[in-house]
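What follows is a set of notes on a single structure, which appears directly below.
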Amino acid sequence: IEFIVPWGPGGGADQVARKIGQLLEPELKVSIPVINVAGATGQTGHAKLMAANADGYTMEVMTGDTFALLADPNAKLKLADFIPLGIIIQQASGFFAADNGPLKTWANVEKAAKQRPLKDAVTGFNSPDDITVSYFVAKGLKLNSVPYAKPSERYTSVLGGHADLLYEQSGDIRNFIDTKQMHPVILFYGSKVDAFPNVPVSTALGHNITMPQFRVVLVKADTDPARVKLLSDALAKAVSSPDFKEYLKEQYADPASFVPSNEAIKYMQAWLEDAKKIIASTPKK
């Protein structure tokens, strides 16, 4: 089974796909190679899924970054084109800065962004990253989205001083956090994040913007229901394993991240409606 990751190696989507693929292989008794196909905010990799046969032998891990593109009325992506096997991880997103830079706190960011433009490394235009940047631009901050399809380039842009901020999930860059190279200045969540008790969350500051990151495993629409059940049952078993639960902990993810196949579309539709409301309330650039 080919497992498509529509992003470059090393990012959160790549990490979770390799972990879940490793757990699925003994359950399904097949090899599950991860295929990285980066580009166009995940659309290039998604197109590879759409070009494959609807037989369950091709899967994709879609992220909230790509799914947010459906908020555009003219989006090429359609909910009817795919079947979710389950949402496997949910995480708070945030703005992160380099430890050796001047942006130590959110107050520092607000002050600096009122005086000069700050570059924010994002996954792509019209992604949750870019939507969040646009939200704060409408609030009077001088932020500019700079897209990087490859996670490694996105991370090094901040560490190397080519960007001032990074929109990311803490688990995806845990190595940089643990080694004191990056730190969060604000987290986009509805409540305090236990791992970062001193970091303000958006809602506590009066910003009604969260859009937590999620990653969902998909197959193409019209896949045989029996095959969908086989794959979704195997996925449910994999995420309930102690190995994957420990992985969620390492990723600062919600321990109750999993949303099964029959409930995933409802979750995704609600997430998308929230994204549309944020976009509608944000003036055009």
Side-chain angles (χ1 to χ4, degrees), residues 3 5-24 32 34 36 42 59-68 84-97 99 121-123 127-129 132 148 150-152 154-155 158-159 166-199 201-202 210-218 235-260 264 267-268 271:
F3 201 176
V5 174
W7 304 97
D14 182 65
Q15 293 175 40
V16 77
R18 293 181 188 278
K19 170 59 69 173
I20 208 71
Q22 178 187 28
L23 295 171
L24 283 174
I32 305 180
V34 169
N36 296 92
M59 301 189 301
E60 173 196 354
V61 58
M62 178 181 278
T63 71
D65 312 280
T66 305
F67 187 67
L85 300 177
I87 292 167
I88 55 177
I89 189 169
Q90 299 179 52
Q91 301 164 288
S93 299
F95 282 157
F96 294 80
D99 268 31
V122 303
T123 55
S127 65
D129 316 28
T132 302
Y148 295 88
K150 296 181 179 179
S152 58
R154 199 160 63 248
Y155 305 156
V158 176
L159 296 174
L166 166 71
Y167 181 101
E168 192 52 271
Q169 296 76 51
S170 52
D172 297 352
I173 52 171
R174 178 158 190 164
N175 180 56
F176 297 114
I177 295 172
D178 290 348
T179 54
K180 307 296 183 184
Q181 296 182 74
M182 286 189 205
H183 62 274
V185 293
I186 186 173
L187 294 169
F188 303 112
Y189 218 52
S191 60
K192 279 284 185 182
V193 177
D194 291 343
F196 305 99
N198 298 320
V199 178
V201 294
S202 52
T210 55
M211 287 189 295
Q213 176 65 286
F214 72 91
R215 292 169 177 120
V216 57
V217 180
L218 312 172
L235 187 66
K237 187 173 181 180
V239 299
S240 67
S241 68
D243 192 358
F244 194 76
K245 289 180 179 178
E246 182 61 28
Y247 173 79
L248 290 178
K249 185 177 179 180
E250 292 170 358
Q251 293 293 307
Y252 300 119
D254 187 334
S257 285
F258 183 60
V259 181
Y267 171 101
M268 294 165 74
W271 190 99

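This structure is a prediction, so every number in the text was calculated from the model and none was measured.
- In this structure the side chain of Asp243 reaches within 4.5 angstrom of the side chain of Lys19, judged on heavy atoms.
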Please step through side chain to side chain contact (heavy atoms under 4.5 Å, CB included) for the pair Gln90 and Trp271, ending with a clear verdict.
CA-CA 12 Å; Gln90 299 179 52; Trp271 190 99; over 6 Å; no

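- The shortest non-hydrogen separation linking Pro151 to Gly10 is CB-C, 4.3 Å.
- Atom CG of Asn175 has more than 12 neighbouring heavy atoms from other residues, nucleotides or ligands inside a 6.0 Å radius.
- Summarising the local packing, NZ of Lys150 is surrounded by 12 or fewer heavy atoms from other residues, nucleotides or ligands at distances under 6.0 Å.
- Remark: Gln213 CD to Ser170 OG distance equals 11.5 Å, nearest 0.5 Å.
- One distance of note links CG of Leu187 with CD of Gln169; it measures 10.5 Å at 0.5 Å rounding.
- Using a 4.5 Å heavy-atom threshold, the side chains of Glu250 and Glu246 count as touching.
- With a 4.5 Å cut-off on side-chain heavy atoms, Val199 and Val193 do not count as touching.
- Taken to the nearest 0.5 Å, the CG atom of Leu24 stands 4.5 Å off from the CD1 atom of Ile32.
- Closest approach of Leu23 and Ser241 over heavy atoms only: CD1-OG, 3.7 Å.
- Pairing each heavy atom of Ala238 with each of Ile20, the nearest pair is CB-CD1, 4.0 Å.
- Between Phe214 and Phe67, the two ring planes are perpendicular [angle over 60°; tilted spans 30° to 60°].
- Proximity of Phe258 to Ser240: side-chain heavy atoms (C-beta onward) are nowhere separated by under 4.5 Å.
- Electrostatic pairing of Asp172 and Arg154 does not count as a salt bridge here, judged by no charged N lying under 4.0 Å from a carboxylate O.
- Residue Gln22 holds its CD atom at 12.5 Å from CZ of Phe3, rounded to the nearest 0.5 Å.
- Scanning both residues, Lys245 and Val239, for their nearest heavy atoms gives CG-O, 4.1 Å.
- Atoms CZ and CD, on Phe96 and Glu168 in that order, are 7.5 Å from each other to the nearest 0.5 Å.
- Residue Phe196 comes nearest to Pro184 through the heavy atom pair CD2-CG, 3.8 Å, listed as atom of the first residue, atom of the second, then distance.
- In this model, a donor atom of one side chain and an acceptor atom of the other lie less than 3.5 Å apart for Asp65 and Thr63.
- A pairwise comparison of heavy atoms in Trp7 and Ala13 identifies CD1-CB, 3.8 Å as the closest pair.
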Any chance you could lay out the side chain to side chain contact (heavy atoms under 4.5 Å, CB included) test for Phe176 and Val158, step after step, and finish with the verdict?
CA-CA 11 Å; Phe176 297 114; Val158 176; over 6 Å; no

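- Contact check for Ile87 versus Met268: side-chain heavy atoms found under the 4.5 Å cut-off.
- The NE2 atom of His183 sits 10.0 Å away from atom CD1 of Ile177, with the distance rounded to the nearest 0.5 Å.
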Checking side chain to side chain contact (heavy atoms under 4.5 Å, CB included) for the pair Tyr247/Val16: CA distance, chi angles, key distance, verdict?
CA-CA 9 Å; Tyr247 173 79; Val16 77; 3.6 Å; yes

Taking it one step at a time, do Arg18 and Val5 satisfy side chain to side chain contact (heavy atoms under 4.5 Å, CB included)?
CA-CA 9 Å; Arg18 293 181 188 278; Val5 174; over 6 Å; no

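- Between Ile173 and Leu166, some side-chain heavy-atom pair lies under the 4.5 Å cut-off.
- The side-chain heavy atoms of Leu248 and Pro255, taken from C-beta on, include no pair separated by under 4.5 Å.
- Counting heavy atoms from C-beta outward, Ser202 and Thr210 have side chains that approach closer than 4.5 Å.
- With no hydrogens or angles considered, no side-chain donor-acceptor pair links Gln15 and Arg174 at under 3.5 Å.
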